*Asks:* 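Before I ask anything, here is the structure I am working with.
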Amino acid sequence: MDGRVRQAVDAAFAAFKTLSDGHNADYIPALANVSPDLFGIAVVTADGTIYDAGDVDTEVSIQSISKVFTMAQVIQEQGLESVEQRIGVDATGARFNSIIAVEAVRTVAGAGAPEMNSLVNPGAIATTSMVLGASADEAWERIVGFHRAAAGRELHVMDDVYRSESDTNQRNQAIGALMLAYGYIKSNWQQAVDLYTRQCSIGVTARDLAVMAATLAFAGRNPVTGRQVIEAHKVPGVLAVMATAGLYDDSGKWLYHTGLPAKSGVGGGIIAVSPGKFGIAAVSPPLDSAGNSVRAQRAITAISNTLGGNPFGSTTPQAETV
Ligand code: DON
């Protein structure tokens with residue numbers, strides 16, 4: 001597989017590096033200043049080998065990709081049912097930061113799993129509030145600790161992004177207050193919003209993201225460090241929510257073309273998981289109208305389909321006839 005991965009990564013980088021569609025997110029001012037030319041791809045296979053191309057050492061903010069790992073942290077510590085019961089594991093059918101979605105689910109809150117999930121902002125802020133800890137600092141250490149274990153590296157908050165988002169996140173504050181009012185957050189919604197904003201500001205490279213994806217691809221064990229980060233039987237639940245809601249409103253379209261559980265962030269990163277085969281990530285800040293990185297989507301789709309990464313079966317007609 002080595003040569004094929006190398007070739008697929010190089011080919012995708014060459015094919016998409018000149019693609020100039022899309023625009024950086026600018027509702028968080030610091031994100032508008034990141035170079036739109038930044039483009040990196042990394043694939044991590046079972047033995048922990050990293051195949052990369054382009055700019056894989058520059059950090060961008062992880063943004064919503066952190067939602068996967070905070071959800072995984074809560075599932076690891078409190079069980080699969082904790083998130084299912086409190087937040088839900090269904091698509092909202094609304095935008096990631098929808099306030100209407102909060103209003104819609106409140107009518108069914110307490111009556112079973114609501115139509116909400118940990119990968120949209122209301123569910124993510126509530127999921128962050130579930131992280132255990134006697135103080136904000138203790139909860140933060142758990143959150144960042146889980147991200148570090150999945151990446152196998154000392155990750156840190158990008159202060160400029162954290163400050164920029166903290167100054168402009170009134171919408172998330174409103175969502176946090178509503179989630180308290182409707183019982184999803186049990187106390188201290190301001191702390192939950194602040195921790196959520198911090199987790200979104202963690203700096204990661206394409207290589208970090210690929211290792212994090214690979215940790216999920218190989219049953220919760222980081223293939224580079226060998227550390228079991230989340231118990232194997234809890235990983236399919238994490239992947240299921242990614243498959244359902246990882247790419248906003250385009251999650252269905254993405255799954256149709258790749259079959260891969262994935263998650264995007266407005267910093268330009270996307271991670272995707274081919275269970276048992278590889279973890280993959282790409283970083284490129286310009287986003288399409290749905291909010292997903294243009295180059296990252298194209299690169300991951302091309303590489304995965306070349307390598308037969310779709311868990312539902314082959315997507316190349318030739319492969320079916322040989
Ligand atoms: O809360 C926000 O708007 C950003 N920190 C993250 C947004 C993002 O990446 C979208 N995700 N679903």
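The first residue in the sequence is number 1, and the count goes up from there. When a ligand or atom number is given, it counts from 1 through the structure's own listing order. Note that the coordinates shown come from a computational prediction; the quantities given were computed from them, not determined experimentally.
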*Asks:* With heavy-atom distances below 4.5 Å as the criterion, would you say the side chains of Gln63 and Leu31 are in contact?
*Replies:*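 Of all side-chain heavy-atom pairs linking Leu31 with Gln63, at least one is under 4.5 Å.
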*Asks:* I need the contact type for Cys200 against ligand 1. Using non-hydrogen atoms and a strict under-4.0 Å cut-off, is it side chain, backbone, both or neither?
*Replies:*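 Answer for Cys200: side chain.
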*Asks:* Would you say the side-chain atoms of Asp250 pair up with the backbone N or O of Trp254, donor to acceptor, closer than 3.5 Å?
*Replies:*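 Looks like no, no N/O pair under 3.5 Å.
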*Asks:* Through direct or indirect side-chain contacts below 4.5 angstrom among Ile, Leu, Val, Met, Phe, Trp and Tyr, which residues connect to Val224?
*Replies:*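 Taking Ile, Leu, Val, Met, Phe, Trp and Tyr as members, Val224 shares its hydrophobic cluster with Val44, Ile50, Val211.
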*Asks:* Would you mind listing which atoms of ligand 1 come within a distance below 4.0 Å of any non-hydrogen atom of Tyr248?
*Replies:* 8 (C), 9 (O), 10 (C), 11 (N), 12 (N)
*Asks:* I'd like to check which ligand 1 atoms, numbered from 1 as shown, lie under 4.0 Å from a non-hydrogen atom of Gly265.
*Replies:* 9 (O)
*Asks:* Of the side chain and backbone of Gln199, name the one, both, or neither that has a heavy atom under 4.0 Å from an atom of ligand 1.
*Replies:* neither
*Asks:* Enumerate the atoms of ligand 1 whose separation from the nearest heavy atom of Ser64 is less than 4.0 angstrom.
*Replies:*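 Under 4.0 Å from Ser64, ligand 1 has these atoms: 6 (C), 7 (C), 8 (C), 9 (O), 10 (C), 11 (N), 12 (N).
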*Asks:* Among protein heavy atoms, which sits nearest to atom 3 (O) of ligand 1, and what does the distance come to when rounded to 0.1 Å?
*Replies:*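 In this structure, atom 3 (O) of ligand 1 has Tyr27 OH, 2.6 Å as its nearest protein heavy atom.
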*Asks:* Which bit of Asn97 gets closer than 4.0 Å to ligand 1, counting heavy atoms only: side chain, backbone, both or neither?
*Replies:*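 Neither; nothing of Asn97 gets under 4.0 Å from ligand 1.
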*Asks:* Quick one: does Arg153's side chain get under 4.5 Å of Arg207's, heavy atoms only?
*Replies:* no
*Asks:* Could you tell me which atoms of ligand 1, counted from 1 in the order shown, lie closer than 4.0 angstrom to a heavy atom of Gln63?
*Replies:*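 Matching atoms, with element in brackets: 4 (C), 5 (N), 6 (C), 9 (O).
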*Asks:* For ligand 1, which part of Leu119 has a heavy atom less than 4.0 Å away: the side chain, the backbone, both, or neither?
*Replies:* backbone
*Asks:* Please identify which atoms of ligand 1 are closer than 4.0 Å to at least one heavy atom of Glu165.
*Replies:* 1 (O), 2 (C), 4 (C), 5 (N)
*Asks:* Number the atoms of ligand 1 from 1 as they appear, then name those within less than 4.0 Å of a heavy atom of Asn121, with their elements.
*Replies:* 1 (O), 2 (C), 3 (O)
*Asks:* Among all residues two or more places apart in sequence or in another chain, which pass the salt bridge (Lys or Arg N to Asp or Glu O under 4.0 Å) test with Asp55?
*Replies:* none
*Asks:* Does Arg6 pair with Asp10 as a salt bridge, N-O distance under 4.0 Å?
*Replies:* yes
*Asks:* Under 4.0 Å from a heavy atom of Val266: give me the atoms of ligand 1 that qualify, with their elements.
*Replies:*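 Counting from 1, the qualifying ligand atoms are 7 (C), 8 (C), 9 (O), 10 (C).
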*Asks:* In ligand 1, which numbered atoms sit nearer than 4.0 Å to a non-hydrogen atom of Lys263?
*Replies:*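 Under 4.0 Å from Lys263, ligand 1 has these atoms: 11 (N), 12 (N).
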*Asks:* What is the nearest protein non-hydrogen atom to atom 1 (O) of ligand 1, stated with its residue, atom name and distance?
*Replies:*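 Going by distance alone, atom 1 (O) of ligand 1 is nearest to Tyr196 OH, 2.6 Å.
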*Asks:* Can you confirm whether Thr306 sits close enough to Gln7 that some side-chain heavy atom of one is under 4.5 Å from a side-chain heavy atom of the other?
*Replies:* no
*Asks:* Quick one: do Arg163 and Asp167 make a salt bridge, cutoff under 4.0 Å?
*Replies:*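 The answer is no: the pair does not qualify as a salt bridge.
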*Asks:* Quick check: does any side chain N or O of Asn24 sit under 3.5 Å from a backbone N or O of Val34, one acting as donor and the other as acceptor?
*Replies:*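 Looks like yes, one N/O pair under 3.5 Å.
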*Asks:* Hey, does the side chain of Asn310 reach the backbone of Thr258 with a donor-acceptor pair shorter than 3.5 angstrom?
*Replies:* yes
*Asks:* Between Ser264 and ligand 1, is there a nitrogen or oxygen pair with a distance under 3.5 Å?
*Replies:*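 Not met; the criterion fails.
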